[in-house]
Enquirer: 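One structure is given below, represented as structure tokens, and several questions about it will come after.
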Amino acid sequence: MDPAAAAPLARRLLLAVCWLVVAAGRATGAQVLPPPSNLDYSFIQICTLNWTWNPPENVSSSCDLEYSSDIVIDELPLGKTEWSKSRFRVTDTFLNEEMRFKVRSECKRSNASQPSQWVETSLLPRGIPGTAAVGLSCVWHNLEYMDCSWRPGENASSDTNYTLFYWFDGLKNPKKCNNYSMDHRRCIFSLSFPKATNTYPAISILIRDDSEDIRPVCASKNPTTLVRPATPRRLTLSKINDEIYVEWSESDTFPENCLSYEVKYHNGDLDAAKIIKVENNYTSIPSVDPNSKYTFKVRANPKSACYSSELFSDWSEEKSIGEKTDSTFYFVLIITIPLIVAVSTIILLIYLKRLKILILPPIPDPREILKRVFGEQNEDSQSCAKDDSVNAYDRLVKEEEIHSLILTETPVCANPEKENP
Ligand SMILES: *[C@@H]1O[C@H](CO)[C@@H](O)[C@H](O)[C@H]1NC(C)=O
Ligand SMILES: *[C@@H]1O[C@H](CO)[C@@H](O)[C@H](O)[C@H]1NC(C)=O
Ligand SMILES: *[C@@H]1O[C@H](CO)[C@@H](O)[C@H](O)[C@H]1NC(C)=O
Ligand SMILES: *[C@@H]1O[C@H](CO)[C@@H](O)[C@H](O)[C@H]1NC(C)=O
Ligand SMILES: *[C@@H]1O[C@H](CO)[C@@H](O)[C@H](O)[C@H]1NC(C)=O
Ligand SMILES: *[C@@H]1O[C@H](CO)[C@@H](O)[C@H](O)[C@H]1NC(C)=O
Ligand SMILES: *[C@@H]1O[C@H](CO)[C@@H](O)[C@H](O)[C@H]1NC(C)=O
């Protein structure tokens, strides 16, 4: 065979192969399943959608029909492909992004037919882009209430009054949160389950505004990851020999053995504070320095066996035990002792002055008396009479000063008058 003849043959062979491939494709193409029809969705809860569709027509009875479905959020597949025989799928929704849902029919365990084309439908967000609340974070405080906060979207006015709704499996209807902070960026709602509960439903949270311009947003929160215990209370310290025994109250909303504690203590030096981990509501510190003052505080965190939350409570109030006087006590002493001393001194002084007057009456100065007696004898009675009014006043004052205690002293001016005649 000459090479010139070989080339067309090769070309013909190639064509034949191509035709075979196309024919095979057509053959399998004929077996491509028809797709599901009437794909639709409806909200069954604030943040939950039920996507529904009808089965494809003319599917042979030998086909073990299944539907595979997938979700695409803002062009990104979520990678949550599911296969099922039922003609609906329930999914969460986020509302602030475009959500596309796609489904196709497949015959399970059969390579006789090919899966159908995808059928899809999408849920477009409403409102102005960038107006949805952002940065939603929630803390489940002491298994009693949920405390959620968020920020306004960058394109939302800062006084947007967002409203929070929540729902979880077990609630008939969604509930509206009512306890907002002043700026409507935080809301607290009570959330508790029976103590024996060990699995908690996901909490759907919808934050929206009555205005059509504000884009709503949904989030699903797993409450066990948000648990934060209450601050331990009633911290009590006692000293037994060389041991300090520490005890505090347990939260009564937590099941038994679901909290562990950190006890932090130091004796004066804050940098040398020690932290010990405790599983009960008490502990003791052995062989302490009897001459030091020890200061304690405690905080709680959930045990990983019960909750997948790493959140610690606040530290409890500090309590101290030991020889050295407590600093506040010391401070009070510094302030009050001088005050008490000063006040009592003043009181004492006043009291003493009165006492002195009572016990030790002012002793009349003999010189004064003599001077008066002799000095005034030299004066004539005329002047005495002239100055009578002045002397009367003097006398009055002196009498008042000396009071009845100086009974022996007779009026100064009376003496010459009586002696002179
Ligand atoms: C979803 O809708 C289908 C069809 O209406 C219904 O049969 C199914 O029970 C719904 N699913 C839920 C979880 O409500
Ligand atoms: C299903 O099959 C019937 C008859 O075999 C045919 O008339 C009909 O057009 C088919 N429907 C589809 C959607 O292929
Ligand atoms: C497809 O069919 C062939 C022959 O019928 C079989 O050997 C093979 O396992 C099947 N492959 C599948 C189900 O993927
Ligand atoms: C806010 O609005 C501007 C203008 O309409 C837009 O370009 C921007 O993407 C928006 N911000 C967000 C976070 O969507
Ligand atoms: C939000 O509420 C406050 C007070 O209740 C009000 O002054 C403010 O105008 C409200 N904001 C909007 C965007 O309506
Ligand atoms: C609202 O929340 C505050 C804490 O921010 C709380 O002190 C108050 O008791 C709550 N009010 C109601 C009615 O739950
Ligand atoms: C510590 O826990 C025990 C058992 O739960 C309880 O009886 C005790 O009162 C708790 N201690 C304090 C200080 O509350």
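For ligands, and for the atoms within them, numbers begin at 1 and follow the listed sequence. Throughout, residue positions are numbered sequentially from 1 according to the sequence presented. Model, not experiment: these values are computed from the prediction.
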Enquirer: For ligand 1, which atoms sit closer than 4.0 Å to a heavy atom of N50?
Expert: 1 (C), 2 (O), 3 (C), 8 (C), 10 (C), 11 (N), 12 (C), 14 (O)
Enquirer: Name all residues meeting the salt bridge (Lys or Arg N to Asp or Glu O under 4.0 Å) criterion together with E82; count only those two or more places apart in sequence or in a different chain, and write none if there are none.
Expert: R89
Enquirer: Regarding R104 and the six-membered ring of W118, is the cationic atom NZ or CZ under 6.0 Å from the ring centre and inside 45° of its axis?
Expert: yes
Enquirer: Anything under 3.5 Å between an N or O on ligand 5 and a protein N or O? List each pair with its distance, or write none.
Expert:
{"unit_1": "ligand 5", "atom_1": "2 (O)", "unit_2": "N161", "atom_2": "OD1", "d": "3.3"}
{"unit_1": "ligand 5", "atom_1": "2 (O)", "unit_2": "N161", "atom_2": "ND2", "d": "2.4"}
{"unit_1": "ligand 5", "atom_1": "11 (N)", "unit_2": "D159", "atom_2": "O", "d": "2.8"}
{"unit_1": "ligand 5", "atom_1": "11 (N)", "unit_2": "N161", "atom_2": "ND2", "d": "3.0"}

Enquirer: For the residue pair Y200 and W140, categorise the inter-ring angle as parallel (less than 30°), tilted (30 to 60°) or perpendicular (more than 60°).
Expert: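 Y200 vs W140 ring planes: perpendicular.
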Enquirer: Near V90, which atoms of ligand 1 are under 4.0 Å from a heavy atom of that residue?
Expert: 13 (C)
Enquirer: Please indicate whether any nitrogen or oxygen in R186 is less than 3.5 Å from any nitrogen or oxygen in ligand 6.
Expert: no
Enquirer: Parallel, tilted or perpendicular, judged at 30° and 60°: which one describes the rings of F189 and Y166?
Expert: parallel
Enquirer: Between C47 and C218, is the SG-SG gap less than 2.5 Å?
Expert: yes
Enquirer: Atoms of ligand 6 less than 4.0 Å from I188 heavy atoms?
Expert: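 That gives atoms 2 (O), 4 (C), 5 (O) of ligand 6.
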Enquirer: Check for a donor-acceptor pair, side chain of R299 on one end and backbone N or O of Y261 on the other, with a separation under 3.5 Å.
Expert: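 No, the answer is negative, given that no donor and acceptor are paired below the 3.5 Å cut-off.
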Enquirer: Is the CD atom of Q117 crowded by more than 12 outside heavy atoms at less than 6.0 Å?
Expert: no
Enquirer: For the cysteine pair C187/C148, does the gap between the two SG atoms stay under 2.5 Å?
Expert: no
